[in-house]
Participant: 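Here's a structure for you.
Residue numbering restarts at 1 for every chain, and letters A, B, ... go by the order of the sequence lines. Keep in mind that the numbers below use all heavy atoms, side chains included, and drop hydrogens, waters and symmetry copies.
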Amino acid sequence: MDSLRKIIIVDSPFDPLQLQSEYQTESMRGQTNYGATANFVGTMRDFNEGDDVQSMTLEHYPAMTEKQLNLIVDEATEKWPLQNTLIVHRVGEIFPAESIVLVAVWSAHRGAAFDACRFIMEDLKHKAPFWKKEALTTGADRWVEENTKGY
Amino acid sequence: MDSLRKIIIVDSPFDPLQLQSEYQTESMRGQTNYGATANFVGTMRDFNEGDDVQSMTLEHYPAMTEKQLNLIVDEATEKWPLQNTLIVHRVGEIFPAESIVLVAVWSAHRGAAFDACRFIMEDLKHKAPFWKKEALTTGADRWVEENTKGY
Amino acid sequence: MSIKVLYFASLREEIGRGADVIDFPPEETSSSLSVEQLWINSTGQQSFPDNLLVAVNQEYTNPQALLADGDEVAFFPPVTGG
Amino acid sequence: MSIKVLYFASLREEIGRGADVIDFPPEETSSSLSVEQLWINSTGQQSFPDNLLVAVNQEYTNPQALLADGDEVAFFPPVTGG
């Protein structure tokens with residue numbers, strides 16, 4: 001099944017629901033065949049591993065990032081009948097309560113939408129070339145060494 | 001854990017992402033302790049069980065609906081550490097591409113947000129007192145007899 | 001004892017009405033009235049259908065549950081929201 | 001043969017630079033150059049760390065993969081996006 005997707009890397013604050021809404025308007029206007037949309041928004045917290053975090057810097061590998069995210073969407077599309085996928089990921093310096101990532105998936109049925117959204121999110125966390133460096137309120141910097149478990 | 005929730009039954013078209021955005025602004029402004037938001041939007045399709053559907057009427061049992069949805073959120077809150085939950089459900093006459101339902105869940109971690117959003121959605125489909133009657137393009141009416149599988 | 005009975009969706013259409021108020025003389029319910037007895041009494045049907053759902057005072061229950069004066073009992077088919 | 005090497009995140013900071021361009025004289029790579037050999041050559045380290053990730057031309061591969069002239073090889077720690 002041919003699946004549409006849009007992958008956006010942004011280096012300034014973004015409104016995930018606004019972008020999802022715009023994408024739906026521009027890409028699915030007049031479409032009445034999707035019944036299920038599942039999304040996930042990751043937001044920067046002000047704590048991690050017991051410490052207060054003041055800001056974070058998200059580094060990535062630009063040439064690889066979109067390529068890898070496209071591979072992940074390809075794989076999801078092979079597993080589930082998806083109609084559209086939108087991925088937005090922030091890079092650069094970011095502050096608590098700002099959005100880090102949006103994954104939104106459109107499908108005819110809810111099972112596929114839920115499964116695919118979660119699959120893409122987990123794969124993104126484990127394969128997409130992004131790295132977080134936290135600036136603690138103590139003044140110290142540290143690289144996040146691994147992601148928390150998603151299941 | 002005390003969990004905030006908002007449950008809305010609407011009888012005219014609603015914009016699920018707009019409502020989610022507004023709820024987040026009014027209820028979580030300045031909060032920086034949630035890292036994960038998972039949502040699900042159910043949209044009316046123009047087909048079901050092989051037939052073209054022109055419109056649908058959603059009946060419900062007003063006195064029970066909110067009570068039951070609150071019980072479902074209570075149960076989710078016992079299972080997972082949730083910070084906020086928003087449920088919006090449409091009733092009355094509805095047309096293809098209009099939103100039927102929104103379930104949005106905020107938590108510190110993505111596993112809980114994904115699990116709880118799906119749990120609430122499935123429980124809503126199996127326990128909340130809503131019924132769909134489809135008006136087919138052939139002019140015939142029929143009650144939807146059961147929901148499709150969610151897993 | 002007086003019971004308010006509600007019917008929803010396809011059941012409402014089959015039965016031809018959305019609500020009944022049923023008053024039982026005290027001698028008929030001296031011991032107890034179950035949901036199933038109410039169903040038979042209010043609809044004239046012989047038994048409680050397998051896939052029929054019932055809520056008493058807006059909470060799910062089963063056909064063997066006993067009723068009290070003033071209860072609101074709702075009968076309905078499997079739900080299909082969401 | 002010329003290879004572009006990139007380092008990211010904590011690895012970039014440890015190594016003290018983000019990129020190398022390494023030119024191998026033809027006689028040194030007459031047979032084949034593996035990712036692991038490149039790593040040892042470019043960083044001076046003894047072996048390929050267990051949790052080190054590598055991508056050749058922006059796709060994940062393993063330390064035994066063989067390189068070709070013009071490849072872009074990226075070394076980086078476990079990813080932590082999302």
Participant: Report yes if the side chains of B:L82 and B:V73 come closer than 4.5 Å at any heavy-atom pair, otherwise no.
Facilitator: no
Participant: Can you check whether A:N84 reaches A:Y34 side chain to side chain, under 4.5 Å on heavy atoms?
Facilitator: no
Participant: Let me know if B:Q31 has heavy atoms under 4.5 Å from chain A in its side chain, its backbone, both or neither.
Facilitator: backbone
Participant: Do you know which of B:W106, B:F114, B:F95 has the most heavy-atom pairs under 4.5 Å to chain A?
Facilitator: B:F114
Participant: Within the distance-only criterion (no hydrogens, no angle test), does the side chain of B:S107 pair as donor or acceptor with the backbone N or O of B:P81 below 3.5 angstrom?
Facilitator: yes
Participant: For the interface with chain B, which of A:H109, A:E98, A:K125 has the highest count of heavy-atom pairs at distances below 4.5 Å?
Facilitator: A:K125
Participant: Within this structure, what is the OH-CZ distance for the pair A:Y23 and A:R5, rounded to the nearest 0.5 Å?
Facilitator: 9.0 Å
Participant: Between B:E22 and B:K6, is the closest basic N to carboxylate O distance under 4.0 Å?
Facilitator: no
Participant: Do you know which of A:P96, A:G35, A:G111 has the most heavy-atom pairs under 4.5 Å to chain B?
Facilitator: A:G35
Participant: If every non-hydrogen atom of A:Q20 is compared with every non-hydrogen atom of A:L86, which pair is closest and at what distance?
Facilitator: CA-CD2, 3.7 Å
Participant: Out of A:A113, A:S99, A:C117, return the one with the most heavy atom pairs under 4.5 angstrom to chain B.
Facilitator: A:C117
Participant: Give me the contact list for residues 40-47 of chain B versus chain A, heavy atoms only, anything under 4.5 Å, ordered by residue number.
Facilitator: B:F40, B:V41, B:G42, B:T43, B:M44, B:R45, B:D46, B:F47
Participant: Please give me the minimum heavy-atom distance between A:H126 and A:E122, naming the atom from each residue.
Facilitator: ND1-O, 2.8 Å
Participant: Salt-bridged, B:K79 to B:D115, with N to O below 4.0 Å?
Facilitator: no
Participant: Do A:N48 and A:R142 come within less than 4.5 Å of each other through their side chains, counting heavy atoms only?
Facilitator: yes
Participant: Let's test your reading of the structure: which of B:V101, B:D15, B:L17 forms the most heavy-atom pairs below 4.5 Å with chain A?
Facilitator: B:L17
Participant: With a 4.5 angstrom heavy-atom cut-off, which part of B:M121 approaches chain A: side chain, backbone, both or neither?
Facilitator: side chain
